[in-house]
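Working notes, structure below.
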Protein chains: 2
Amino acid sequence: MRNNTLGSLIWLRLVRFTNLSNQLSNDFLKQFNITTAQFDVLMQIHVYQPLTQMELAEKVTVTQGGISRMVSRLEKEGYIVRKQDWKTKTISLTEKGEAILDEAMPAQLAFQTSFFEDVLNEEETKTLYRLMTRVHKHSQKKELPSE
Amino acid sequence: MRNNTLGSLIWLRLVRFTNLSNQLSNDFLKQFNITTAQFDVLMQIHVYQPLTQMELAEKVTVTQGGISRMVSRLEKEGYIVRKQDWKTKTISLTEKGEAILDEAMPAQLAFQTSFFEDVLNEEETKTLYRLMTRVHKHSQKKELPSE
DNA sequence: ATAATTAACTTGATTAGTCAAGTGATGTCC
DNA sequence: GGACATCACTTGACTAATCAAGTTAATTAT
């Protein structure tokens, strides 16, 4: 029995790479006392604030329940606040949240970039971005349209 | 403040795609009563059995502790056995484990492949594989050589 | 106004993982 | 042969997520 196809090999590479780079990133972000998942969420809030929990969940591809817990943790740590803006509850960063992002963002961007710029040239990097964008967008269409 | 680079955009695409495809895969594998992580581990055991827990951990990029828990779950479900082959404890699939793989493997391979073949041509698929292989291998060098 | 519906969010049980400290058998040194 | 070291594995405390059931509050319908 065949136990792979080109597609399955790509899938495995993607999964293993994402896994590994996530671990390395967690390690890297330890200096800021923050995890990769937390950085990701804070970053989305930074860009789109103020926003609701639902919107945030969608941005980071996590369920309602998942975002509820994550937001609680971040609130407990004092990075974000939830406030009731007449009828809609919205999330935004606190001073502390903005401050940690100010510090961590340039470092984290450089860190993420280093996974590619050391091995691919400009042309190849663009190609990878183009291909992954198409693959990602296609996978979003596979989601059962939640009616 | 700039909040992205080409590298960080690729990284985000990879993370989001991996996340989403993992969720879709979990959904897909529900018909076999198994998760994506479990399929991955069973697959590695199938290919490399008999092997030790350490070896398995390395194959799936998980820590000792993580693999210990995963292996316990799979043993409880009756998919694998741990036996003491004079001095070394090794893991292999049971009948039940082999059976579930027989059933699930072709389906799962087709499923994984569908993420790419619907949207990339032969040439592009090969390019994506080549680029991701290089990126992945490079990231493995970043791991602190555990001395 | 009261009841029913819906939307946004929370929570309990579970899977999956991390790290770091602990256990247990084997091997080695004196 | 007893102390020590080492290797493979386990376990407790935690982060992070899922699903599904439950809660809460606003909107609509009678």
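Chain letters run A, B, ... following the sequence lines, proteins first, then strands; residues in each count from 1. Keep in mind it's a predicted model, so treat the numbers as computed, not measured.
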- [ ] Treat primed atoms plus P, OP1 and OP2 as sugar-phosphate and everything else as base, then score nucleotides 14-25 of chain D 5' to 3': B for base contact with protein heavy atoms under 4.0 Å, S for sugar-phosphate contact only, - for none.
- [x] -SSSBS------
Task: salt_bridge(B:Glu124, A:Arg134) N-O dist < 4.0 Å - done: yes
Open item on the list: For B:Asp40, is there an ion pair with A:Arg16 - N to carboxylate O distance below 4.0 angstrom?
Closed with: yes
- [ ] Measure from CG on A:Leu56 to P on C:dA7 and round the result to the nearest Å.
- [x] 20 Å
Open item on the list: Using whole Å, what does the distance between atom C1' of nucleotide C:dC9 and atom CD of A:Glu58 come to?
Closed with: 16 Å
Open item on the list: In whole Å, I'd like the distance from the CG atom of B:Leu74 to the P atom of C:dT15.
Closed with: 11 Å
Task: Carboxylate-amine/guanidinium contact A:Lys126 A:Glu122, below 4.0 Å - done: yes
Task: Separation of atom CD in A:Gln53 from atom P in C:dT11, rounded to whole Å - done: 11 Å
Open item on the list: Just verifying a value: how many Å separate B:Phe17 CZ and A:Ser139 OG, rounded to the nearest 0.5 Å?
Closed with: 5.5 Å
Task: Separation of C:dA16 C1' from B:Asn22 CG (nearest whole Å) - done: 10 Å
- [ ] Would you tell me whether A:Ser25 and A:Gln108 have side-chain atoms, one donor and one acceptor, within less than 3.5 Å of each other?
- [x] yes
Open item on the list: Between A:Asp118 and B:Lys141, does any NZ, NE, NH1 or NH2 come within less than 4.0 Å of an OD or OE carboxylate oxygen?
Closed with: no
Task: Whole-Å gap separating P (D:dT10) and CD (B:Glu75) - done: 9 Å
